[in-house]
S.K.: 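This is the structure I want to talk about, given as structure tokens.
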Amino acid sequence: MICRIRLSVIAASIVLAASAQALEANYTTADLPTLVSEPQHKTASKRITRRFEKSHYKQFQLNDDFSSNVFDRYLETLDYNRLFLTQEEVDKLAKWRFSIDEQLRDGDTAAAYDIFNETLKQRFNRYQYALKLLDKEITFDTDEEMIIDRSEEPWAKNDAELDELWRQRVKNDALNLKLAGKTWPEIQETLSKRYNNALKRLTQTKSEDVFQVYLNAFSREIDPHTSYLSPRNAEQFQSEMNLSLEGIGAVLQVEDDFTVIRSLVAGGPASNSKKLSPGDRIIGVGQEDKPVVDVIGWRLDDVVQLIKGPKGSKVLLQILPDGANTKSYTVTLVREKIRLEDRAVKSEVIEQGNKKVGVISVPSFYVGLAEDTKKEIEKLKGDKVSGVVIDLRNNGGGALSEASALTGLFINSGPVVQVRDSYGRVKVNSDSDNMVYYDGPLTVLINRYSASASEIFAAALQDYGRAVILGEQSFGKGTVQQHRSLNHIYDLFDKPLGHVQYTIQKFYRIDGGSTQHMGVVPDIPFPTAVDPEETGESVEDNALPWDSINPAAYEEVSALAKLVPNLDKAHQVRIKSDEEFGFILADIAQYKAIKDKNTISLSEKARIAQQEKEDKQRLERLNERQTMMGKKPFASLDDVPSDYEEPDAYLDEAAAITLDLAKKVNS
């Protein structure tokens with residue numbers, strides 16, 4: 001059984017731009033396809049609807065209210081930033097608002113194709129307009145701002161309002177290139193290729209694209225981890241599950257026009273580079289000794305195909321970090337086969353004073369994790385560590401059986417997690433080997449991206465009083481998904497029907513509380529800019545709620561809760577005088593001051609000033625750290641080594657707390 005968080009979002013991918021070849025082509029609306037349902041779609045739609053109604057954990061009602069929500073979600077997928085449709089066009093399409101429920105049951109996709117074809121036409125018109133704006137050189141001396149995220153803004157009243165939105169959008173695209181050192185002729189050429197390729201891509205849209213987006217609008221209205229996978233996406237999913245994909249080791253998704261890194265696979269080239277982070281946007285992809293291709297607006301599957309390649313070959317990624325006024329940079333990665341061994345548990349020793357703390361880093365709950373961890377525990381015992389930190393940061397989960405087995409290394413025996421199905425039946429997974437492999441002082445370090453199996457492990461050790469949990473409140477994914485083909489053995493279709501993934505069970509802690517929505521709340525929280533109200537399962541649309549069942553039969557193995565107040569007090573005193581936590585607190589304050597800003601300046605002068613300010617702050621920070629370490633300051637950011645790594649203040653503090661815990665336990 002797999003209980004890992006599905007951080008990858010299935011590409012809804014109609015989309016907006018580009019192919020690997022830049023073609024100076026003129027297209028007309030006559031070049032657009034009139035998309036219609038394929039023969040297998042009726043059967044697929046009926047089977048998906050029937051399976052979700054019959055087998056999904058959530059008991060939902062497929063009625064007019066649900067239909068209305070699917071309609072809104074479908075439009076949101078097709079025009080997330082409200083840049084293509086006017087209110088008048090939305091009103092015309094609203095004739096389908098309350099008929100989608102009947103159509104899903106009947107396998108009728110008339111609404112899906114009517115809405116999509118209209119949106120496709122309006123997309124086409126907008127990119128044609130964008131090209132016209134390039135006929136005259138754009139200047140950037142006007143003091144004006146553009147709204148970045150328009151998803152909550154009203155639809156434009158008319159074409160004139162859309163024209164103004166696109167004037168700003170094209171100006172921002174041009175300014176980004178100007179700030180990257182491009183001249184106007186170069187800007188004109190780059191954007192002309194981008195928008196022409198957008199037109200070309202729209203003319204190549206297929207009926208399968210429509211069905212994919214439409215059925216996922218339905219699926220995601222049930223819960224965020226339910227989805228339809230077209231035959232092509234189902235094949236990619238299976239490759240990922242088999243860990244056989246040759247590439248960079250990153251989970252990608254489409255947000256607006258950008259391919260965004262959703263998560264990094266531990267041990268993969270992207271993670272090992274230390275230059276990429278979740279939220280980074282891939283705006284260009286290049287092969288070794290070839291120019292970088294602009295991929296803004298590309299379909300996700302096309303971007304993935306560019307990034308994938310033979311093991312040992314190089315791929316260049318042009319990265320635009322998350323944020324409103326960031327500068328792009330290029331990262332070169334060597335493709336590797338992402339294998340299970342690359343994601344294996346590892347241990348290290350941190351020395352603080354004359355004491356040693358063992359750190360066991362668990363990147364995923366792969367099959368064999370518990371056995372591998374036993375070996376790492378023995379190594380740390382040989383190093384005579386005073387305590388152990390289990391580092392689960394960014395661990396999205398994995399095999400449920402391994403969560404139980406790993407917990408069993410630190411307790412004698414007993415229940416680990418409860419699993420309830422849609423019929424209310426509860427199964428308890430337990431450790432029963434009556435052996436403890438490590439009984440010393442123990443802490444568990446988590447963050448907001450620790451999910452699923454990570455939460456089961458951390459919650460169990462917290463409920464038993466076996467470990468002190470440190471860090472951030474975890475993600476809150478307490479559900480299990482099942483992956484099923486839609487095909488039957490007797491089908492005669494020329495094409496496969498695809499697959500569905502849907503929620504069938506829910507996890508509960510041994511104290512009876514669900515890990516869903518709430519996750520695991522640390523005993524000692526660390527300062528962080530990550531707000532549980534802004535990220536995690538709790539902010540996902542239609543996420544299943546938190547609830548509780550009866551506790552399992554278990555007994556605490558120690559009373560660590562009594563020690564937490566004093567441990568926390570020492571922690572607070574320590575971080576007040578710690579320079580790295582001073583930096584963290586300053587970053588948090590700065591983030592909170594700007595996080596709600598939803599506009600970006602279109603003035604070149606203002607953007608340059610902001611970039612220079614941020615570069616200056618970055619250099620000052622780096623040189624403060626250099627001075628503290630007795631090293632030579634950097635003259636400029638260009639002097640910072642490409643492999644520069646900032647200290648891991650959270651892990652160092654976790655080690656310090658573990659030593660405090662060891663003193664109290666052993667006193």
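Quick caveat, the model's predicted, so the values are computed rather than measured. Note that the numbering runs from 1 along the sequence shown for the chain.
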S.K.: How long is the straight-line distance from CD1 of Ile319 back to OG1 of Thr330, given to the nearest 0.5 Å?
M.R.: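 The OG1 atom of Thr330 sits 8.5 Å away from the CD1 atom of Ile319.
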
S.K.: Restricting to non-hydrogen atoms, name the atom on Gly387 and the atom on Tyr438 that form the minimum distance, rounded to 0.1 Å.
M.R.: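 Scanning both residues completely, I find the closest heavy atoms to be CA-OH, 3.4 Å.
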
S.K.: Would Asp660 and Arg574 pass as an ion pair if we require N to O under 4.0 Å?
M.R.: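 Result for this pair is yes, salt bridge flagged.
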
S.K.: State the CG-OG1 distance between Leu177 and Thr190, to the nearest 0.5 angstrom.
M.R.: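 Reported to 0.5 Å precision, the distance equals 5.5 Å.
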
S.K.: Would you tell me whether Tyr650 and Asn447 have side-chain atoms, one donor and one acceptor, within less than 3.5 Å of each other?
M.R.: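 Their side chains do not contain a donor-acceptor pair, so the 3.5 Å distance test is not met.
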
S.K.: Can you tell whether the side chains of Arg618 and Glu646 come within less than 4.0 Å, N to carboxylate O?
M.R.: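 Judged by the 4.0 Å cut-off on N to carboxylate O distance, Arg618 and Glu646 do form a salt bridge.
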
S.K.: I need the single residue from Leu661, Leu445, Val389 that forms a side chain to side chain contact (heavy atoms under 4.5 Å, CB included) with Val468. Which is it?
M.R.: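 Answer to the side chain to side chain contact (heavy atoms under 4.5 Å, CB included) test with Val468 among Leu661, Leu445, Val389: Leu661.
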
S.K.: Can you tell me if Ser364 uses its side chain to pair, donor with acceptor, with the backbone of Gly398 under 3.5 Å?
M.R.: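 It does not hold such a pair.
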
S.K.: Evaluate the side-chain contact (heavy atoms from CB on, under 4.5 Å) criterion for residues Gln318 and Asp294: first the C-alpha distance (whole Å), next the side-chain angles of each, then the deciding distance (0.1 Å), finally the verdict.
M.R.: CA-CA 9 Å; Gln318 190 174 4; Asp294 182 302; over 6 Å; no

S.K.: Could you please spell out the steps behind the side-chain hydrogen bond (donor to acceptor under 3.5 Å, both in side chains) verdict for Thr515 and Glu455?
M.R.: CA-CA 7 Å; Thr515 56; Glu455 296 174 294; 5.1 Å; no

S.K.: For the pair Tyr366 and Glu402, evaluate side-chain contact (heavy atoms from CB on, under 4.5 Å) and give the outcome as yes or no after the intermediate values.
M.R.: CA-CA 7 Å; Tyr366 59 91; Glu402 291 297 334; over 6 Å; no

S.K.: So Phe526 and His571, would you call those rings parallel, tilted or perpendicular, with 30° and 60° as cut-offs?
M.R.: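 Phe526 and His571: parallel rings.
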
S.K.: Could you walk me through whether Asp648 and Arg393 pass the salt bridge (Lys or Arg N to Asp or Glu O under 4.0 Å) test, one step at a time?
M.R.: CA-CA 12 Å; Asp648 191 341; Arg393 289 175 296 173; 2.7 Å; yes

S.K.: Can you tell whether the side chains of Glu371 and Lys374 come within less than 4.0 Å, N to carboxylate O?
M.R.: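 Salt bridge: yes.
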
S.K.: Can Lys597 and Glu145 be counted as an ion pair, charged N to O under 4.0 angstrom?
M.R.: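 Salt bridge flag = yes for Glu145 with Lys597.
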
S.K.: Decide, yes or no, whether a salt bridge links Asp383 with Lys356 under the criterion of side-chain N to carboxylate O below 4.0 Å.
M.R.: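 No salt bridge links Asp383 with Lys356.
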
S.K.: Quick check for you: to the nearest 0.5 Å, what is the distance between Leu175 atom CG and Leu179 atom CG?
M.R.: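 Here the rounded value is 4.5 Å.
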
S.K.: Both conditions, 6.0 Å and 45 degrees, for the charged tip of Arg466 above the ring of Phe410: are they met here?
M.R.: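 No.
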
S.K.: Can you give me the closest heavy-atom contact between Glu186 and Gly181, atom names plus distance?
M.R.: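 Minimum heavy-atom contact is OE1-O, 4.2 Å.
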
S.K.: Does Glu378 pair with Lys381 as a salt bridge, N-O distance under 4.0 Å?
M.R.: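 Judged by the 4.0 Å cut-off on N to carboxylate O distance, Glu378 and Lys381 do form a salt bridge.
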
S.K.: Where do Ala458 and Val444 come nearest, in terms of heavy atoms and distance?
M.R.: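 That would be CB-CG1, 4.3 Å.
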
S.K.: Walk me through whether Asp280 and Tyr329 qualify under side-chain contact (heavy atoms from CB on, under 4.5 Å).
M.R.: CA-CA 11 Å; Asp280 286 347; Tyr329 60 93; 3.7 Å; yes

S.K.: Using the rule given for side-chain contact (heavy atoms from CB on, under 4.5 Å), can you reason through Arg509 versus Val520, listing the C-alpha separation, both sets of side-chain angles and the distance that settles it, and then say yes or no?
M.R.: CA-CA 10 Å; Arg509 302 168 65 133; Val520 178; 4.3 Å; yes

S.K.: Any salt bridge linking Glu579 with Arg625? Criterion: basic side-chain nitrogen under 4.0 Å from a carboxylate oxygen.
M.R.: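 No.
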
S.K.: Is it the case that more than 12 heavy atoms not belonging to Lys275 sit under 6.0 Å from its NZ atom?
M.R.: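 Yes.
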
S.K.: Minimum heavy-atom separation for Thr658 and Val388, please, with both atom names.
M.R.: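 Scanning both residues completely, I find the closest heavy atoms to be CG2-N, 3.7 Å.
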
